[in-house]
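Below is one structure, written out as structure tokens; comments come after it.
Just so we're on the same page: letters track the sequence lines, and every chain starts at 1.
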Amino acid sequence: MLESFQIIISLLDSTIRIATPLIFCAMAGIFSERSGIIDIGLEGKMLLSAFVAATATFLTGSPIFGLFAAILMSCSASLIHGFACITNKGDQVISGLAINILASGLTITLGIALFSRGGQTPPLASEQRFMPIDFPFLDQLSFVPVFGELFVEVISGHNILVYLSVLAVFFTYYVIFKTRFGLRLRAVGEKPEAVDTAGISVIKMRYQSILIAGMLCGLAGAYLSIAHGAGFGREMSAGKGYIALAAMIFGKWNPIPTLFACLLFGFLEALGVRLEGVELIWIGEVPVQVMQALPYVLTVVLLAGFIGKARAPGAIGVPYSKEG
Amino acid sequence: MSDSNIIPKWLSVGVIPLMNLFLAFCVSGLFIFFIGENPFRAIFVMIKGAFYYPGAIGYTLYYTTNFIFTGLAVALAFHARLFNIGGEGQAYVGGLGVGLVCLIFDQHVVGFLVTILAILGSVIFGAIWGIIPGYLQAKRGSHIVITTIMFNFIAAALMVYLLVNVIIEPGQMSPETRDFASGVGLVQIHILAKYLGLEMAMSPLNLSFIVALIVSVGFWFLVWRTKFGYEVRSLGHSETAAIYAGIKVSSTIIIVMAISGGLAGLVAINELLGVHNKLLLGFTAGYGFTGIAVALMGRNHPVGIFLASLLFGALYQGGTELDFEFSSITREMVLLIQGLIILFSGALAYMLNPLMERIYIKYYGNYNNA
């Protein structure tokens, strides 16, 4: 009994670690897509900012500087996306795909040119990273049964970006549903003509939304290379941007359900790693690939309307042109 | 957005795409320059690597073959205004078709027949991986872009599982099947040339290239010379018009995705029947994604797709040469160039239109009123 409790605790702990970049990216996706801009480029933006975060931190020694460099990089990628599909009315999927492929090539090429380490950045020392924060009163709380352990192992002891990701969810919820800016943002994604008639610039609204998305992706990238990891490795985003996209759809473009989708997908991955080589009663060994494929399968099933309908914003993917 | 009708066609279909390509190469050159190498030397090395060395052209055409298949796959879907990002997964699962046919039959049936069946296997398995997203789009309204992305990942997981646990050669460490029997496979062109008394440098170029050319002609005929092709293009222009014209939209979507997936699946015959002679992990190596760039550059026409495939074939083969000649640029540079081409030829395809229109009107007046 005690042992299985320990297993659950450690599973929840790794769930949170895995889910953090997904949460940032999925919130970024919500901002972008709620304003009508498809964002396939989450993956590439995260990869680019992970590289820039590690590089800037290595060169300056300051993770704070690395974090801002990452956000700047990710926002620049957002601006390219915006220039292509808002200003020039290009295809949003193609533009996002271009950013992803560009990110793969650029990070490896620059990494090799700068550091000659096969695309990796040099490892960062612990003072150059965002390290785990221990909450106060840990010693006293650890004696409390169940809750104490949960607090010490699961809630406490993560780096600052993990806590920021939770804040990002509430930020997203608040901005999108409780502010005038959010109301306009949703309107731009559903019926841009209406917003235009009200004298608000659709172009400006959409640029603002994708810039916020850029900032959030920057945080995800920085988490990968200077908080969770200690340096950049090639292709280190490893499809997380696409899982985040799936989580956003799974959460039906709503921040709170999306948070739970991210946690679910994170939990599935943690469970998959945990179950590797373990014989389960009745089922036998569950291949790790089943767990890897499950988020995608679930998203396909959901999108097909078998578990409630996921409806995308009305004007998504359509460039806005004024009449006449 | 579509091609401008203010300027003549040779400008909008000929000059502007070339200018977009030129821009993509300029930006790539800037990156090489910032890294501290000479961009012109890099181009020279790549051209030499792609065409000059013995066997280089063979390698270039071998890559070209893959890109023709995936480019046509993406292009057919584009004609119906469907965006099939799933070429990578469809090619991968197509490989499963080849692998299964060969592993089951190659000990009992003559090689020639097994090869034919294996080609069919690649098409059918690729088609299945295209039909499911097609069905979900047509009947359940799931967005094809998202579904095909998801199916790429599902294919990857499926293939790793099968190769690691099920069809791996017993006693083998790396996830590969056993070699197919010796009579199975598509013969390489340099071996064929030897039979004809010609001396050719060794390269992986094989009969799949011929298949690709035949399929290209078939593609042209299907899209521009058949009733089905007409329906596909009508659907691509306007779904409402297609419905009023009595075209069955959902079955057209499903058939288009089946053919598209089958075309992508053919990558497996070039890779597995032509070169590796077994099924192995990750043989698709991003060819499915490159197909998107190829279709965009080739403007969804087989001739354009052939030229774009040739360009990408040369980039891939020339890119490997970068590894040997430079210490600071590697073949990943090609990914960067590919990303820039997708950006300029795809997402920013119409960026130059207003500028060209202004210049044209200034000097020649309006083309349509003339």
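Note on ring orientation: taking the six-membered ring where Trp is involved, the planes of A:Tyr242 and B:Phe153 are tilted (angle from 30° to 60°).
Dense packing is recorded around CD of B:Glu332, with more than 12 heavy atoms of other residues, nucleotides or ligands lying under 6.0 Å away. Summarising the local packing, OH of A:Tyr207 is surrounded by more than 12 heavy atoms from other residues, nucleotides or ligands at distances under 6.0 Å.
Of the listed residues A:Gly96, A:Pro295, A:Cys85, A:Pro287, the one with more heavy-atom pairs under 4.5 angstrom with chain B than any other is A:Pro287. Contact count versus chain B (heavy atoms, under 4.5 Å) is highest, among A:Arg234, A:Gln292, A:His81, for A:Arg234. Heavy-atom pairs under 4.5 Å with chain A peak, among B:Ile32, B:Ile85, B:Val160, at B:Val160. Ranked by heavy-atom pairs under 4.5 Å with chain B, the list A:Val93, A:Thr87, A:Asp91 is led by A:Val93.
Residue contact with chain A, scored on non-hydrogen atoms closer than 4.5 Å, is absent for B:Leu158. For B:Phe83, the part lying under 4.5 angstrom from a heavy atom of chain A is the side chain only. The contact between A:Leu106 and chain B is made by backbone and side chain atoms together, counting heavy-atom distances below 4.5 Å. B:Leu340 touches chain A through backbone and side chain together, each having a heavy atom under 4.5 Å away. Heavy atoms closer than 4.5 Å to chain A are found nowhere in B:Asn152, neither backbone nor side chain. Contacts between A:Ile40 and chain B at a heavy-atom distance below 4.5 Å involve the side chain alone, from C-beta outward. Neither the backbone nor the side chain of A:Ile99 comes within contact range of chain B; no heavy atoms are under 4.5 Å apart. For B:Phe344, no part sits under 4.5 Å from any heavy atom of chain A, backbone or side chain. B:Ile337 does not touch chain A: none of its heavy atoms, backbone or side chain, sits under 4.5 Å away.
Scanning both residues, A:Ala84 and B:Leu348, for their nearest heavy atoms gives CA-CD2, 3.5 Å. Across all non-hydrogen atoms, the minimal contact from B:Ala347 to A:Ile94 is N-CG2, 3.5 Å. Listed here is the closest heavy atom pair of A:Val300 and B:Met150: CG2-CB, 3.6 Å. The two residues A:Ser104 and B:Leu335 come nearest to each other via the heavy atoms CB-CD1, 3.8 Å. What you find for B:Leu336 and A:Leu102 is that their closest heavy atoms are O-CD1, 3.4 Å.
Considering NE2 of B:His143 and CD1 of A:Ile316, their distance stands at 7.5 Å, rounded to 0.5 Å. Rounding to the nearest 0.5 Å gives a distance of 6.5 Å between CE of A:Met248 and CD1 of B:Ile146. In this structure, CD1 on B:Ile35 lies 6.0 Å from OG1 on A:Thr109, to the nearest 0.5 angstrom. The CD1 atom of B:Ile149 lies 7.5 Å from the CG atom of A:Leu97; values are rounded to the nearest 0.5 Å.
Contacts between residues 110-121 of chain A and chain B, defined by a heavy-atom separation under 4.5 Å, are made by A:Leu110, A:Ile112, A:Ala113. The interface of residues 20-31 of chain B with chain A, defined by heavy-atom distances below 4.5 Å, comprises B:Phe31.
With a 4.5 Å cut-off on side-chain heavy atoms, A:Leu303 and B:Leu136 do not count as touching.
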